[in-house]
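What you see below is based on every heavy atom in this structure, not just the backbone, and it leaves out hydrogens, waters and symmetry mates. Order of the sequence lines sets the chain letters (A, B, ...), proteins ahead of strands, with each chain counted from 1. Because the structure is a prediction, the values reported are computed rather than measured.
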There are 2 protein chains.
Amino acid sequence: MTATPVQELDAHACVVRRFNRSYTQRIGALDDSFLGSGMPLGTARLLFEVGAEPGTTRDLRARLGLDSGYLSRLLRRLEADGLVTVAEDPADRRRRVVALTDAGRMRWQDLERRSDERARDLLAPLTERQRGRLAAALAEADLLVRAATVTLETVDPRSRAARAAVGKYFAELDRRFPGGFDSGVQSAADAEMLSPPSGAFVVATSDGEPVACGGVQTIGDGVGEIKRMWVHGDWRGAGLGSRLLRHLEGVCRELGHAVVRLDTNGTLTEAVAMYERAGYREIERYNDNPYAERFFAKSLT
Amino acid sequence: MTATPVQELDAHACVVRRFNRSYTQRIGALDDSFLGSGMPLGTARLLFEVGAEPGTTRDLRARLGLDSGYLSRLLRRLEADGLVTVAEDPADRRRRVVALTDAGRMRWQDLERRSDERARDLLAPLTERQRGRLAAALAEADLLVRAATVTLETVDPRSRAARAAVGKYFAELDRRFPGGFDSGVQSAADAEMLSPPSGAFVVATSDGEPVACGGVQTIGDGVGEIKRMWVHGDWRGAGLGSRLLRHLEGVCRELGHAVVRLDTNGTLTEAVAMYERAGYREIERYNDNPYAERFFAKSLT
DNA sequence: TCATATCTCTGACTCTAGTCAGAGAATCCG
DNA sequence: CGGATTCTCTGACTAGAGTCAGAGATATGA
């Protein structure tokens, strides 16, 4: 008797929960590690954020999700300790610009160092081989968790996020194709095709960075086409491609298509493998895209 | 050029930090998920712990790492809400036994459900195969992290902790030896041998549970012997045995021994393998222990 | 049996974290 | 220009989390 998917999910959820409990209990102190520095957590988080990227108080409030009064008090504390400077923004004198002082930068490095030591302390009792195993397991978990928490969002293909993702896609094609890749002129018509009502463009982001993208357009009655599908190199092997593909197929269905087609280049072996795994079968050339060598289709019904 | 151990440690520490940051950012809310239940975190954690396994307040304090005064107050709150009962322990009337009421159990199940949903939400976007990979990675990380954070403590062999660990050890021997195992009468002399100044007994605990133990005694001039070394079944494969063995060798060194011996039974194959990996070589029988079949020694100089 | 240790509980604290309601300065817009 | 809006800051709160020093009851060991 094999386990059903639901039972598997149960079992896996248990493992996740067990891990969460034991890990946060042991390492949760890692967040409070800032406490070890003599600074309260809130202050330390703020200092850390200012160090990562200085900005206006408004900006910091948004990044940390703090109340303006609370932030003001935290800043005053850091200022009194000589760790940050809070100055008027010349562009808008209602605003304040926050930056680290030299002492603040040292303190920030101190926090970094402490964080590092915590990680080392955790590893210290283990043998070299076990450290390797732990690092590998955490890296694997990290990749998968990041992949699971990627957000898929339908955006305008002309938006900043979409253009950033497509730019990376084209850059990769240019690197990988033997003769390079020339995207040609991105016409307004291209963007139009990938916009409602006849198309859509989806960008997957993690921590605000685009990590995958893909578009759908209509190329005939009941026939959709998947275009510009790309997954960031660091993210391959986490199933992000399959997930995005499934998502795009769903978009096609919503557009009322019964069939979806796509073209690709033989160089992109992992993409071809993924399409085949996802149930696509190879078909004859259906367009004159000079970079396309292989053509696939899948029925959505 | 191969990486030196220090470089490896750096790299591994980076992986740990990267994981910590991304995981707590995404899942950290999991701890606060209890907040979603309208209960303060501390109270919810306590209720959760009582539900997981009722026990004495002393027990709960150890498990949650709380101050006795604080715990007392939290319990009073839960009691006032009718979620737990706090009664005298008939075995020791200084102690209190805490248990859930019916209302408490319902509340506990609510917390469980919430916690479960969080875990499922994390897994939901992944494919079945990826879920398996994530669960495997987290389970591996969990085992190693638990092993790394085990505390080794030298205790009196007559102490409760030591007796609990040895009890489990003997129970396992009884299960594994074909003819069973009779520990005989644990004489006061036995405990004496494993106590200062001529010996020591070490218990490894995790979450207050004994997970491994081992003793050292003096059996001749400059000759120490390792006795009653045991690692909990769930903990094998995490290097805990090797770590304990190294620790006990250190104890031997502190006692001024140049050689350490030990005996074991052929049934305990993983133990024999570990001794050999740790540099022990097999020697002739040096005692008349009826359960011992194989004898090992290692020079500490 | 009596000193000592153990255990829970109470009172009196401290510190963080965070909310809310304005005050006052600067900016924007018609 | 003048009212509305935006922005930071202050004061006055609340609640959670946790520490510390005993008091008082109970158990343990010489």
* Under 3.5 Å, is there a donor-acceptor pair linking the side chains of B/R95 and B/T56? ->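 There is no such pair (donor and acceptor under 3.5 Å, judged by atom type) between the side chains of B/R95 and B/T56.
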
* Will you find, in the side chains of B/T101 and B/T85, an N or O donor that is under 3.5 Å from an N or O acceptor? ->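 Absent: no donor and acceptor within the cut-off.
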
Could you tell me whether the side chain of [Y] reaches within less than 4.5 Å of the side chain of [X], counting heavy atoms only?
{"X": "A/L152", "Y": "A/V150", "answer": "yes"}
{"X": "B/L143", "Y": "A/Q130", "answer": "no"}
{"X": "B/R243", "Y": "A/P125", "answer": "yes"}

* To do: Give a yes or no on whether a salt bridge exists between A/R96 and A/E79, defined as a side-chain N under 4.0 angstrom from a carboxylate O.
  =>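 Result for this pair is no, no salt bridge flagged.
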
May I have the distance from [X] (atom [atom1]) to [N] (atom [atom2]), rounded to whole angstrom?
{"X": "B/R61", "N": "D/dT19", "atom1": "CZ", "atom2": "P", "answer": "12 Å"}
{"X": "A/L75", "N": "D/dT8", "atom1": "CG", "atom2": "C1'", "answer": "10 Å"}
{"X": "A/R95", "N": "D/dT5", "atom1": "CZ", "atom2": "C1'", "answer": "13 Å"}
{"X": "B/L64", "N": "D/dG18", "atom1": "CG", "atom2": "P", "answer": "10 Å"}
{"X": "A/L74", "N": "C/dT16", "atom1": "CG", "atom2": "P", "answer": "11 Å"}
{"X": "B/L46", "N": "D/dA17", "atom1": "CG", "atom2": "C1'", "answer": "13 Å"}

If you restrict it to nitrogen or oxygen atoms, what contacts under 3.5 Å exist between nucleotides 18-29 of chain C and the protein, and what is each distance?
from, atom 1, to, atom 2, distance (Å)
C/dT27, OP1, A/R93, N, 2.9

* Tell me which nucleotide among D/dA17, C/dC7, D/dT8 gets nearest to the side chain of B/R58. =>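 The answer is C/dC7, which lies nearest to the side chain.
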
* To do: Measure from the side-chain heavy atoms of A/P40 and tell me the nearest of C/dT8, C/dT16, D/dT8.
  =>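 Among C/dT8, C/dT16, D/dT8, the one nearest the side chain of A/P40 is C/dT16.
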
